[in-house]
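Model, not experiment: these values are computed from the prediction. Any value given below was found using the heavy atoms of this structure, including those in side chains, with hydrogens, waters and symmetry copies removed.
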Amino acid sequence: MNTSVLLGALDTSIAGKVLPFFVSLGARHLVGESCYDGWPAASSLKARRHEELDRRFFWWINRFVVGDTTFEIAYGDREFVIETVVFYAGIPDRFAPWEVLSAAQVTEPHVVSGEAWVLAPDFVVRVIDRISEGIRQHWGILGAPKPEIVDRARVLRAKRMLFAQEEQRRLDRERACVQASAAFHAGRFAEAKRLLEPFRHDAALTRSSVKLLEMAESRLH
């Protein structure tokens, strides 16, 4: 599908479904290609014609500024993803709306989230329709969340990151145990030791792998 057609569907859908709500709040509406210069704050935007973005990667943003709150609907990247993000003045961070809504214990926090691989105009329209409904339903929270909600969103994010790190270490440890066992039984004792050494002090390292590490070390002496 031609990029300009998809962007046309996006901007038209946002103008019809999302813009009227923000206009009623006195919002400023800015549209353009991201200059990728603001992380973690909002980036500056460059005016482009849709046709200029054909056959290359881009990050197209519709930005709505209401008082101290900035809400963005972005589209593009390798996965042709529609993504939403919200910024609050005085807070040097960015939040996915679902993070804020989860912290507020909303039943369906992803109602304001986008989708990946949005490669058809009708899919664009469906996603924007859902986002529009979610914004209207939850702007009372997203527009000016209480400080405790923002704090909780950050705490929950930190917990997710810690869990992800622990899960990745578990996968790395399990892979190392399998590879170390194969190396040991092939007589490659130094390789077996190298593979298991990073996990030596992990409580979750299996007794058999602990023993294999000890045996590999003894064979090297």
Report, as yes or no, whether the 6.0 Å neighbourhood of atom [atom1] on [X] holds more than 12 heavy atoms from other residues, nucleotides or ligands.
{"X": "Y36", "atom1": "OH", "answer": "yes"}
{"X": "E52", "atom1": "CD", "answer": "yes"}
{"X": "R28", "atom1": "CZ", "answer": "no"}
{"X": "R78", "atom1": "CZ", "answer": "no"}

SB check [X] [Y] (cutoff 4.0 Å):
{"X": "E148", "Y": "R152", "answer": "no"}
{"X": "K146", "Y": "D151", "answer": "no"}
{"X": "D172", "Y": "R175", "answer": "yes"}
{"X": "E99", "Y": "R94", "answer": "no"}
{"X": "E197", "Y": "R194", "answer": "no"}
{"X": "E115", "Y": "R130", "answer": "yes"}

Give a yes or no answer on whether the side chain of [X] reaches the backbone of [Y] with a donor-acceptor pair at less than 3.5 Å.
{"X": "T70", "Y": "V65", "answer": "no"}
{"X": "S102", "Y": "W98", "answer": "yes"}
{"X": "H138", "Y": "G134", "answer": "no"}
{"X": "S132", "Y": "I128", "answer": "no"}
{"X": "T69", "Y": "G143", "answer": "yes"}

Is any side-chain heavy atom of [X] closer than 4.5 Å to a side-chain heavy atom of [Y]?
{"X": "V100", "Y": "P97", "value": "no"}
{"X": "F95", "Y": "R154", "value": "yes"}
{"X": "E33", "Y": "L45", "value": "no"}
{"X": "V31", "Y": "H29", "value": "yes"}
{"X": "R169", "Y": "R173", "value": "yes"}
{"X": "Y75", "Y": "L6", "value": "yes"}
{"X": "I61", "Y": "I73", "value": "no"}

Euclidean distance, R200 CZ relative to L205 CG, rounded to 0.5 Å: 9.5 Å

For the student: nearest non-hydrogen atoms of P40 and P92, plus distance: CG-O, 3.7 Å

Exercise: identify the closest heavy-atom pair between A176 and F199: CB-CE1, 3.6 Å

Ring centers of W139, F22 separated by less than 6.0 Å: yes

Candidates D11, T3, N2 - the one meeting side-chain hydrogen bond (donor to acceptor under 3.5 Å, both in side chains) with H50: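 Among D11, T3, N2, the one meeting side-chain hydrogen bond (donor to acceptor under 3.5 Å, both in side chains) with H50 is D11.
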
Worked check of salt bridge (Lys or Arg N to Asp or Glu O under 4.0 Å) between E174 and R170: CA-CA 6 Å; E174 290 180 354; R170 181 186 68 80; 2.8 Å; yes

CA sep, side-chain torsions, deciding dist, call: K46, D37, salt bridge (Lys or Arg N to Asp or Glu O under 4.0 Å): CA-CA 11 Å; K46 182 182 296 185; D37 59 356; over 6 Å; no

